[in-house]
Amino acid sequence: MSPAIRAKGAGKKAFINARLLDPINQTDIIGGLLIKDDTILKSGADVIDATVPEGFEVTDLAGACLAPGLVDMRAQLREPGFEHQETIETAGKSAATGGITTIIALPNTDPVIDDVAGVEFIARRARKVGLAKIFVYGAVSKGIEGTEITEMGLLHQAGAVAFCDGVKTIASARLLRQALSYSAFFDGMIVQHPEEPELSKGAAMNSGELATRLGLTGVSPLAEVIQIERDLRLAEMTGGRLHFAHISTGESVEVIRKAKKRGLKVTCDTAPFYFSLNENSVSDYRTFAKLSPPLRSEDDRQAIVAGLADGTIDAIASDHNPQDVDSKRLPFAQAAAGGVGFETLLPISLELYHNGHMSLLDVITKLTSIPAGLVRIKGAGTLAEGTPADLVIFDPDRPWKIDPYQFQSKSKNSPFDGRLTQGRVLRTLIDGREIFTEGA
Amino acid sequence: MLRAKFFQDHPREMCNAMSVMGPAADHYPHPHLLGIEGLTPGEITLILDRAQHYAEKNRSADKTSNILAGATVVNLFYENSTRTLTSFELAAKRLGADVINMTVGTSSVKKGETLIDTAMTLNAMNPDALVVRHGDSGAVKLLSEKVNCAVLNAGDGRHEHPTQALLDALTIRRHKGRLHRLTVAICGDIAHSRVARSNILLLNTMGSRVRLVAPPTLIPSKIDRMGVEIFHDMEEGLKDCDIVMMLRLQLERMEGSFIPSVREYFHFHGLDRAKLANAKPDALIMHPGPMNRGVEIDSEVADDVERSVIREQVEMGVAVRMAALEILVLNHRKLGGQA
């Protein structure tokens, strides 16, 4: 972050009587945290009212959770090129409301982030807006056209934390092999959208009974695992670091579980859509539930939950994809796919905890330290001394009803519209500055 | 009435019909006709009984009525159609309504206003009914949410085509006297057919058995969950059927290779006299039209006056659409009057 914004980091703060969730040390204790300017000075059980030094502004959190700010490793900000759907500023506000302090943005903007200038543009805009910390994926192929490799090394040097072709599958086996192989020298990671493009051509939803009844073209869930199986071979062959984004089927979980057992350097994430919704959300042609990959069967949803619980699925990302009304208010087949996700990422993920599938600390770990580690962002996803004071304070139990028209995002296309959920962000801090306060 | 006469001759069928399906509903409770899904046997019977009345009237010298005089019916067709459009136009005119036809080419839709804008524009002109055909599944339902007149689905994508299923049902009922305990084989391009989906729903609702006969590539996934039996071999599929319903091979909707060639398709899945011999001797031959002669049906069987009811289907189309328009517009007027 730039010095200009650091200067705004206001003095000395102390949070006491908090449920401290530290994903790095894997501790879940009652304690407190001290902030000096933009960094964490100290955190732990011994930070209590009596031990807070002179000059700190003390806030008693009354048992609310305090965790590292969420690190969202898959989101679309739609700037540059699609500012009518979202901008870096509205995305930043939306992320802050959702407790997200670090975003890794997809490169499928217009122009595509496939050169150094693009990476620098995003960094400059993010600094100016001064909300969430924004990093980018560099495109794997020029113009994400799937043919020619980008200047991956230079992109990496300029700040691209990993590489992907946005919402497109890297279909060419040759291209993926080269990208995996080449990026290994700077420990680059390739992120794949696993969907076999030929099988999924023209598809609007998951294939099966509902697609047949609605008369919509379906894509078989096998299109996902077919792509994953091919790519695992390429990862094995090249020794490159491969990550599968938003996996959505039980077969995918199974195949990745086996690959990890074999010792492959492969990781994956999923989005809240895929562990909290199934294809029935599409009934009545609800275009807000049109996503890519599509919502799957209930069996698949349960397999995703199991994959998260046993660690096969490493991380949870929002898959934030803002679409304007005109892109969604269309016949289902013509409507754009995607849903906004920043402001529902935490509460929907907390359903895993409330439903007894995972501990609160495990859920937070998948939202913070693991994604930060995958994209090699230092100082994020931790409460360690000397790291940036990027924090989220939340009440894990507070019930509320999701109303997209209250969202800060410029787009309101949430498939969770009207859902009753639990868990509310109370405060979000970036570099010690409180950029979101609930009810303020 | 034909149905009454049939029951006079076959009192047992009367008992069956009543016990299985019950009497016609006393009113149609829905604001629109978007599909067969959600209709009860009584509601279907209500429409068919009214359509039967119009079928008789249409054969008499006095074809027209003025029950919908002063009403405006807009036919909004996003797909080219001659038969269905003409049928709806004639139906509305015979009821005394004013009819406007709007045929919107799919290419101009992309350039011009959206479906919703068109719907709002037409809605502002206060029509009593909108008859809509669209190439996308669910498009007619989407449109119905944005207007405050009655909407009739004249076919949306591969989803539903309710008036086709109703006119097929009326044709069957006139010949078989019932809609239950029949075995109906729907043959051909199921995957791309809204007619098949509406017919499966209607025939299942009324208590008949439905078989689907097609090569595996034209059978959509998990369609067995809709309560049908699936056959790939046509001779086996037609065995002891009461009705053979052929579908048009929709080559224009196919992306990729669903069938190797028209020649091969006709060889295995085209209806000819030899394959038809497996069905019951009095089995009816039906086709929603337009037919691809020599592709899914041989001319010899298509034109067989003893067995083919294809032309009667067209005739019943007008009657069913008159019944549907009448019921919906009168419903709408009643609701409008209350508001």
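Naming: A, B, ... by sequence-line order, numbering from 1 per chain. Computed from a predicted model, the values in this text were never measured in an experiment.
Each of A:Gly208, A:Ala333, A:Gly202 has some count of heavy-atom pairs under 4.5 Å with chain B, and the biggest count is that of A:Gly208.
The part of B:Leu201 that comes within reach of chain A is its side chain, from C-beta onward, which places non-hydrogen atoms under 4.5 angstrom from that chain. Heavy-atom distances place the side chain of B:Leu142, and not its backbone, under 4.5 Å from chain A. In this structure, the portion of B:Glu37 lying under 4.5 Å from any heavy atom of chain A is its side chain and not its backbone. Of the two parts of A:Asp326, neither the backbone nor the side chain holds a non-hydrogen atom closer than 4.5 Å to a non-hydrogen atom of chain B.
Remark: A:Asp284 CG is loosely packed, at most 12 non-hydrogen atoms of other residues, nucleotides or ligands lying under 6.0 Å away. For A:Arg177, the CZ atom counts as loosely surrounded, since its 6.0 Å shell holds 12 or fewer non-hydrogen atoms of other residues, nucleotides or ligands. Within a 6.0 Å sphere centred on CZ of B:Arg83, heavy atoms belonging to other residues, nucleotides or ligands number more than 12.
Side-chain contact between B:Ser137 and A:Phe332 is absent, with no heavy atoms from C-beta onward closer than 4.5 Å.
Using a cut-off of 4.0 Å between Lys/Arg side-chain N and Asp/Glu carboxylate O, A:Glu209 and B:Arg225 are scored as salt-bridged.
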Going through the distances and angles, do A:Arg329 and B:Thr114 end up as a side-chain contact (heavy atoms from CB on, under 4.5 Å)?
CA-CA 9 Å; A:Arg329 222 173 51 171; B:Thr114 64; 5.7 Å; no
Show, in sequence, the C-alpha distance, side-chain angles and deciding distance for A:Leu210 and B:Lys222, and conclude whether the side-chain contact (heavy atoms from CB on, under 4.5 Å) test is met.
CA-CA 9 Å; A:Leu210 190 64; B:Lys222 302 273 168 69; over 6 Å; no
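Nearest heavy atoms, B:His159 versus A:Arg213: CD2-O, 3.3 Å. For the residue pair B:His134 and A:Pro331, the shortest heavy atom distance occurs at CE1-CG, 4.0 Å.
A donor-acceptor pair is defined here as one N or O able to donate and one able to accept, closer than 3.5 Å; such a pair exists between the side chain of A:Thr212 and the backbone of B:Ser221.
Rounding to the nearest 0.5 Å places CD1 of B:Ile116 at 7.5 Å from CG of A:Leu330. Atom NE2 of B:His192 is separated from atom OG1 of A:Thr217 by 7.5 Å, given to the nearest 0.5 angstrom.
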